[in-house]
Number of protein chains: 2
Amino acid sequence: MYFLKNAGSAVSWHHEFGGLFGRDKIVPTVLEAMDIIEHLAAIPLFSGLSREDLDDLVPVVQYKTYQRGERIFAEGDEGTGFYVVISGRVKVYKLSFEGKEQILHMFEPGAPFGEAPVFAGKAFPANAEALEESVLLYFSRNAFIERINKNPSLSLNMLAILSERLHTFTRLIEDLSLKETPGRLAAYLLYLSERQGALDNLELGISKTQLASILGTIPETLSRIFSKMTKQGLIDSDGHGRFRILNRLMLERLAAGEVRFSQSGSHTEE
Amino acid sequence: MYFLKNAGSAVSWHHEFGGLFGRDKIVPTVLEAMDIIEHLAAIPLFSGLSREDLDDLVPVVQYKTYQRGERIFAEGDEGTGFYVVISGRVKVYKLSFEGKEQILHMFEPGAPFGEAPVFAGKAFPANAEALEESVLLYFSRNAFIERINKNPSLSLNMLAILSERLHTFTRLIEDLSLKETPGRLAAYLLYLSERQGALDNLELGISKTQLASILGTIPETLSRIFSKMTKQGLIDSDGHGRFRILNRLMLERLAAGEVRFSQSGSHTEE
DNA sequence: CCGTTCTTTTGACTTAAGTCAAGGACAAAG
DNA sequence: CTTTGTCCTTGACTTAAGTCAAAAGAACGG
């Protein structure tokens, strides 16, 4: 589903960065260069690149670190480069005039973001903010385009990533336009359970407020739907962000829009 | 805005194709090859390519013609290639379980569509249908990827197009999630008036039913909003798809979400 | 010209979801 | 242990927008 961008790499991402490189350090030391290469090699965007190709990228990247809640870029900022998450988590979102937030994407280690303006030559169309302390790699526009010119496999990787993202946006549009909120929540829960592999157990990993913003609704509405799903025996919660799917079939029918929530359910009415 | 994809080319696209090439013709004759090249040269995706590069593309393309209402591909079909509109018009859309339609994009001559599955290696995530008799150029996946490998400028063009499309999807998501229907209509009208250049006069060019599907609503709702806008003196209509903007400022404020429709307007109440 | 069909409009009604307000749970900070 | 702030929940209410039904217009083919 569209909700999270996971690198899917088994490589241990969570090194300690403490103090090794400061924010916006430009000239890498030899030690850092080795570190950078290790990071680059584990980024799907660079899969299939030779060791020399990676070496070639080292001088054009910078580490940047952001605190929880710190903004990375704002809508309208000029897109002079893009980022890859090394550690931490980043949300990309839009705000309405009244302040309602719609999360477009959450990015986890290994995932690039902010690339579109690099190729379209436009400003960032949305805002980005670190959800926790995060280390990012920054690639400046011009240097990266140069590398793409020389490396077809790099451009094909990038095309694949943008295509994949278009696909997730398509699903988000479909959900917002054609499904009701309970269906979107059901889809999200099923997606999480699949992604986490742990059969019918799953963990949100984010606050319900954030989840509401991902699903295109507000916390109050989400809360009501959660309690209704629980009452109807579709899911069960430990009260700490962990859930168990009790009626997968019904969740799937909800997610597909086959059933309306008000009518559906195992009628535990009294 | 996100609504229409226009090539922006001044080249006369509307040749007569009558009988010259049948559907799915594969081996081009010399005459057709010249014709193909002429078409290719006017497609933004191929801008900046040398004459030889274009020649090189000729053997991998096919013309296909579709009647009004004919389906080009369906959600779930394998994406073995992509299309470029030569003449006519194509909509790409999603359907809900109950049959409600959301148009993701309308494509006009010069615009490519269906490319994402080519690079992501997935099935088409939506349906495509010709809105009128249309001639398309079909590029098969493998042959095109080969060309990309050899031609960085081609891949950069494609990256720009995908990035641009991501941008339009971002706006669509924003609109669906953060704006109300009157705001979306206002934005669409402003977009049309800008695109058509004719100051405050504009022409829909599509049925209101289609427009409803673009805006993520249904014809009844759209109709009510149109009549309300007219009553409030924001717009004026000739009843045949042509409109005049009477209060641009208010439309802009509606589109930005600064004002709610129910409260706004030049209070022509009685 | 007439009947069929599609599009658009309008009215009466229902419903999903947002707003506003209050209170409870929980965690971090003093 | 109390205070403070954030997150979550719940209730009462409002509102935007969808449903259903009917009818008027416009478009099309014979």
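Protein chains get the first letters and strands the later ones, always in sequence-line order, with residue 1 at the start of each. The basis for the numbers below is simple: all heavy atoms, side chains too, and nothing from hydrogens, waters or symmetry mates.
- Between B:Lys228 atom NZ and C:dG11 atom C1' the separation is 15 Å, expressed in whole Å.
- Of the listed residues (B:Glu101, B:Lys94, B:Lys208), just one forms a side chain to side chain donor-acceptor pair (under 3.5 Å) with B:Ser213, and that residue is B:Glu101.
- Using a cutoff of 4.0 Å between basic side-chain nitrogens and carboxylate oxygens, A:Lys91 and A:Glu108 are not scored as salt-bridged.
- Aromatic rings from A:His105 and A:Tyr93 are positioned such that their centres are separated by 6.0 Å or more.
- If you take CG of B:Leu222 and P of C:dT10, they are 12 Å apart, rounded to a whole angstrom.
- For the pair B:Leu215 CG and C:dT8 C1', the interatomic distance rounds to 16 Å; values are reported in whole Å.
- Between A:Ser87 and A:Pro109, the closest heavy-atom pair is CA-CG, 4.0 Å.
- No donor-acceptor distance shorter than 3.5 angstrom exists from the side chain of A:Ser177 to the backbone of A:Glu174, with no hydrogens or angles considered.
- Taking the six-membered ring where the residue is Trp, A:Phe243 and A:Phe226 present parallel rings, their angle staying beneath 30° rather than reaching 60°.
- Along DNA chain D, read 5' to 3', the first and last nucleotides having any atom under 4.0 Å from a heavy atom of chain B are D:dA16 to D:dC20.
- Rounded to whole Å, the distance from CG on B:Leu131 to C1' on C:dC6 is 15 Å.
- Taking atom NZ on B:Lys208 and atom P on C:dT7, their separation rounds to 14 Å, with Å as the unit.
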